[in-house]
Amino acid sequence: MKIIINNITDFNLKYTLESGQSFRWNLVDDAYFGVVEEQIIKIQQNNDTLIIHSSYDKDKDSFKSYLHHYLDLHRDLANILNAVNIDAYIAQAIDMFWGMRLLNQELWETIASFILSQNNNIARIRNIIRTISMRYGQKLEYQGYVDYTFPNPKTISDAGVDAIFDCGTGYRASYLWNAAYNVDSGKLSLDTLKQMEYVDAKIELMKLEGIGEKVADCICLFSLGHLQALPIDVWIKRIFEQVYLRKRATPQQIRDFAKNYFGEFVGYAQQYLFHYAQNQPDWDNAEHLALTL
DNA sequence: TTCCAGGAGAGAG
DNA sequence: CTCTCTCATGGA
């Protein structure tokens, strides 16, 4: 199936797919290939046009609508970025990565991915997810690109914790297995989670072993569409301590300040700051401090 | 080779 | 409540 989305505004495919919120996209020549739910999707951006090919072969209109939502195109990004563009520092980040959007990804895979993300780096997270998918997912092939679906909770639950450990997950194996078991057994309802408000969804997610505030916020932000969520990882912590607060701060202090300072779209502000910091080649000696307010 | 990563849990103070 | 230690692993 081929879908063209014309006249898109304020969207940058590269920044969106390479900003550490999804671990499943690969650049092949000028196109991004990835697995979304049960199909391979190929996306190319040509200015204000998205050219999308997919192994999906059912209803075209609903799939187009799904992609629109997945890529967050239903939001007015310019309005959001203007709202959080309130100082010289974030202005740099916004200017450099204009068009980067927060994805709305499939919930179970997002839960699993960010359980695996703790105390881990992006390159290795991608490798672990690929290994789990190769071993326990369903093989897909489209236009010569081969990849695998991410296994559902039942498959992971049935595979057992040792099998998950053997995929290179380290000590996180029991966390992932436990989450899969809870979802598969109905103890945690994904549908219910999708209906909840931000705070309730976060609390519900944190009942799972291995999900603390940071991972819960990632799931809320990258899957559930809660833009108030503020994942505080080592990068975000560094930015707020060194640029904004200019002192050591607990996650709660950072959260209180950031929500008051950036407002309801703090999650979007966070994504720009995170990606900007990650692309500073030498943070410790960078001139980011001089740019401050 | 050593350091570190989209952290969380347990225990101590 | 806040610190500290530990947990596997491999990319850089």
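No hydrogens, no waters, no symmetry mates; every other heavy atom, side chains included, goes into these values. Proteins get letters first, then strands, A, B, ... in listed order; numbering begins at 1 in each. Everything numeric here is computed off the predicted structure, so don't read it as measured data.
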Apply side chain to side chain donor-acceptor pair (under 3.5 Å) to Asp256(A) and Gln252(A), showing your working.
CA-CA 6 Å; Asp256(A) 290 344; Gln252(A) 191 54 53; 2.9 Å; yes
In whole Å, measure the gap between the C1' atoms of dC4(B) and dC7(C) for me.
15 Å
How far does the C1' atom of dT2(C) sit from the matching atom of dG6(B), given to the nearest Å?
23 Å
So which protein nitrogen or oxygen atoms get under 3.5 Å of nucleotides 9-13 of chain B's nitrogens or oxygens?
unit_1: dG9(B); atom_1: OP1; unit_2: Gly210(A); atom_2: N; d: 3.0

Other hydrophobic cluster members with Tyr66(A), side-chain heavy atoms of Ile/Leu/Val/Met/Phe/Trp/Tyr under 4.5 Å, chained?
Met1(A), Ile3(A), Ile5(A), Ile8(A), Phe11(A), Leu13(A), Leu17(A), Trp25(A), Leu27(A), Tyr32(A), Val36(A), Ile41(A), Ile43(A), Leu50(A), Ile52(A), Tyr56(A), Phe63(A), Leu67(A), Tyr70(A), Leu71(A), Leu73(A), Leu103(A)
Can you tell me if Arg172(A) uses its side chain to pair, donor with acceptor, with the backbone of Phe165(A) under 3.5 Å?
no
Hydrophobic side-chain clustering at under 4.5 Å (ILVMFWY, transitive links): who's grouped with Val146(A)? Put none if nobody.
Met134(A), Tyr148(A)
Run Asp87(A) and Tyr261(A) through side chain to side chain donor-acceptor pair (under 3.5 Å) and show every step you take.
CA-CA 10 Å; Asp87(A) 64 65; Tyr261(A) 184 70; 2.6 Å; yes
With sugar-phosphate meaning primed atoms plus P, OP1 and OP2, does Gln270(A) contact a base, only sugar-phosphate, or nothing at under 4.0 Å between heavy atoms?
base
Check every atom of dA5(B), dG7(B), dG6(B) against the side chain of Ser117(A) and return the nucleotide holding the closest atom.
dG6(B)
Using the C1' atom on both, measure dT9(C) against dT1(B) and round to a whole Å.
15 Å
Grab the NZ-C1' distance between Lys214(A) and dA5(B) for me, whole Å please.
10 Å
Close N or O pairs between protein and nucleotides 3-6 of chain C (under 3.5 Å):
none

Between protein and nucleotides 7-12 of chain C, map the contacts as a letter string: B base, S sugar-phosphate only, - none, heavy atoms under 4.0 Å, written 5' to 3'.
BBBBS-
Counting the benzene-type ring for Trp, do Phe97(A) and Tyr15(A) have ring centres under 6.0 Å apart?
yes
Results of ring-ring contact (aromatic ring centres under 6.0 Å, His included) for His69(A) - residues two or more places apart only:
His74(A)
On a whole-Å scale, what distance lies between the P atoms belonging to dG10(C) and dA8(B)?
22 Å
Looking at residues at least two apart in the chain, or sitting in another chain, which of them share a side chain to side chain contact (heavy atoms under 4.5 Å, CB included) with Ser65(A)?
none
Describe the nucleic acid contact of Phe222(A) in one word from base, sugar-phosphate, nothing, applying a heavy-atom distance below 4.0 Å.
base
Using the test side chain to side chain contact (heavy atoms under 4.5 Å, CB included), find all partners of Asp166(A) that sit at least two apart in sequence or belong to another chain.
Arg135(A)
Nearest-angstrom distance from the residue atom CZ of Phe114(A) to P of dG7(B)
10 Å
Given atom CD of Gln252(A) and atom P of dA8(B), what is their separation to the nearest angstrom?
14 Å
To the nearest Å, how far apart are Asp217(A) CG and dA8(B) C1'?
14 Å
Check the distance between dG7(B)'s C1' and Phe274(A)'s CZ and give it to me in whole angstrom.
13 Å
Using a 4.0 Å heavy-atom cut-off, does Ile122(A) contact any base of the nucleic acid, only the sugar-phosphate backbone, or nothing at all?
sugar-phosphate
How does the hydrophobic cluster around Trp177(A) look, that is, which other residues are in it when side-chain heavy atoms under 4.5 Å mark a link?
Val161(A), Tyr181(A)
What's the CD-P distance between Gln278(A) and dC4(B), to the nearest Å?
15 Å
dC4(B) P sits how many Å from Lys237(A) NZ, rounded?
15 Å
Results of side chain to side chain contact (heavy atoms under 4.5 Å, CB included) for Ala229(A) - residues two or more places apart only
Tyr198(A), Asp217(A), Cys220(A), Leu221(A)
Separation of Ile111(A) atom CD1 from dG7(B) atom P, in whole Å?
18 Å
At 4.0 Å (heavy atoms only), tell me whether Ser174(A) reaches a base, stays on the sugar-phosphate, or touches nothing.
nothing
Supply the members, apart from Ile51(A), of the Ile/Leu/Val/Met/Phe/Trp/Tyr cluster built from side-chain contacts under 4.5 Å; use none for a lone residue.
Ile4(A)
By the side chain to side chain donor-acceptor pair (under 3.5 Å) test, which pairs, at least two apart or in different chains, include something from residues 221-230 of chain A?
none
Please answer whether dG6(B) and Trp235(A) are stacked, defined here as ring centres separated by less than 5.5 Å and planes angled under 30°.
no
